[in-house]
Amino acid sequence: MQSYTRVASRLSEEEVRRGVDELAPWFYPFDLGDGLRTVSAVPPEVEGIFATRQEMVERVVGAHFGERLGDVDCLDIGCHEGFYALALARMGARKVTGLEPRAESLRRAEFIRAATGAPNLEFRSGQVETLAAEQKVYPLTLFLGVLYHVMDPMLCLRNVGAATGELCVIETQVVDEVEGSTEWGARAWTRPYHGILALIDETDEYKDGNRETGITPLVSCPSPKALEAMLRHSGFRRVEFIRPAEGAYEQHARGKRVIVAAWK
Ligand SMILES: C[S@@+](CC[C@H](N)C(=O)[O-])C[C@H]1O[C@@H](n2cnc3c(N)ncnc32)[C@H](O)[C@@H]1O
């Protein structure tokens with residue numbers, strides 16, 4: 001991963017060190033510049049997920065916006081501690097807004113903003129279910145690791161579609177594909193189906209206060225074809241599954257977790 005120098009840090013080195021300790025445990029391995037880092041609490045065999053996602057997101061965003069990125073405002077929906085919001089800010093987006101429902105994660109994200117001094121980064125409280133009401137459109141949105149933690153995926157994707165001006169990068173766990181045919185009103189009438197939503201009960205993690213879960217205990221996870229169909233019905237005209245690079249995190253490499261670019 002790249003290394004950064006804190007250019008316009010608001011916090012002193014001592015304040016950053018103290019904040020890193022006080023706010024531990026961290027979910028992400030932040031590079032805060034000048035050799036200051038957070039240590040991720042995820043197991044070492046999973047830590048590769050962060051770099052894989054970052055590389056894939058940056059590849060898609062760079063290919064689409066190129067030099068225009070400096071004129072682009074972004075919304076990172078379900079931003080957690082702000083890892084990918086910071087990555088986009090460092091890539092040169094004009095302004096990146098991180099939206100996150102959990103106060104304890106927002107507190108860490110705010111600290112990251114202050115520690116890095118990123119002038120084009122802000123965080124606020126909010127959830128995807130009520131995003132459309134804000135009626136604000138961002139050329140670029142990120143919806144990473146959130147879809148399979150929500151109860152109503154169509155409502156959420158419609159809201160993401162409404163908030164996206166040009167490009168949305170979505171990352172989600174996917175379940176195995178299911179296709180078939182079902183009776184539809186009478187024995188002789190049938191309809192084909194392509195893709196499924198699997199119901200997942202996250203009650204245990206939710207009750208344990210896990211900061212990565214949804215804000216409701218019952219959630220659903222799409223199959224790849226269901227994901228594509230839902231995106232098309234959410235206002236996206238083109239959907240592309242992004243190819244993981246050589247050496248990608250094992251779940252991306254095996255297609256159990258996908259990153260999709262969706263264009264309006
Ligand atoms: C698995 S984490 C993914 C975080 C980050 N986007 C990433 O890809 O690393 C899921 C995040 O979504 C947030 N979240 C859960 N339900 C949400 C909702 N309904 N609206 C917005 N964010 C939500 C969680 O609080 C958590 O920060």
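Counting starts at 1 for both ligands and their atoms, in listed order.
- Asp73 places no side-chain N or O within donor-acceptor distance of the main-chain N or O of Tyr138, the cut-off being under 3.5 Å.
- Between Phe27 and Phe50, the ring-plane angle classifies as perpendicular under the 30° and 60° cut-offs.
- Leu155 belongs to no hydrophobic cluster with other residues, because no ILVMFWY side-chain heavy atom falls under 4.5 Å from its own, directly or through intermediates.
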Pick out the protein N or O atoms lying less than 3.5 Å from any N or O of ligand 1, and list each pair with its distance.
from, atom 1, to, atom 2, distance (Å)
ligand 1, 6 (N), Gly78, O, 2.7
ligand 1, 6 (N), Leu144, O, 2.7
ligand 1, 8 (O), Arg53, NH1, 3.2
ligand 1, 8 (O), Arg53, NH2, 3.4
ligand 1, 8 (O), Leu144, O, 3.1
ligand 1, 9 (O), Tyr28, OH, 2.4
ligand 1, 9 (O), Arg53, NH1, 2.8
ligand 1, 19 (N), Glu129, OE1, 2.8
ligand 1, 19 (N), Glu129, OE2, 3.1
ligand 1, 20 (N), Val128, N, 3.0
ligand 1, 25 (O), Glu100, OE2, 2.6
ligand 1, 25 (O), Arg102, NH1, 2.8
ligand 1, 27 (O), Glu100, OE1, 2.6
ligand 1, 27 (O), Glu100, OE2, 3.4

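- Between Phe83 and Phe30, the angle of the ring planes goes over 60°, which puts this pair in the perpendicular group of the 30/60° scheme.
- Side-chain contact between Leu231 and Leu157 is present, with at least one heavy-atom pair separated by less than 4.5 Å.
- Between Phe111 and Phe123, the distance separating the two ring centers is not shorter than 6.0 angstrom.
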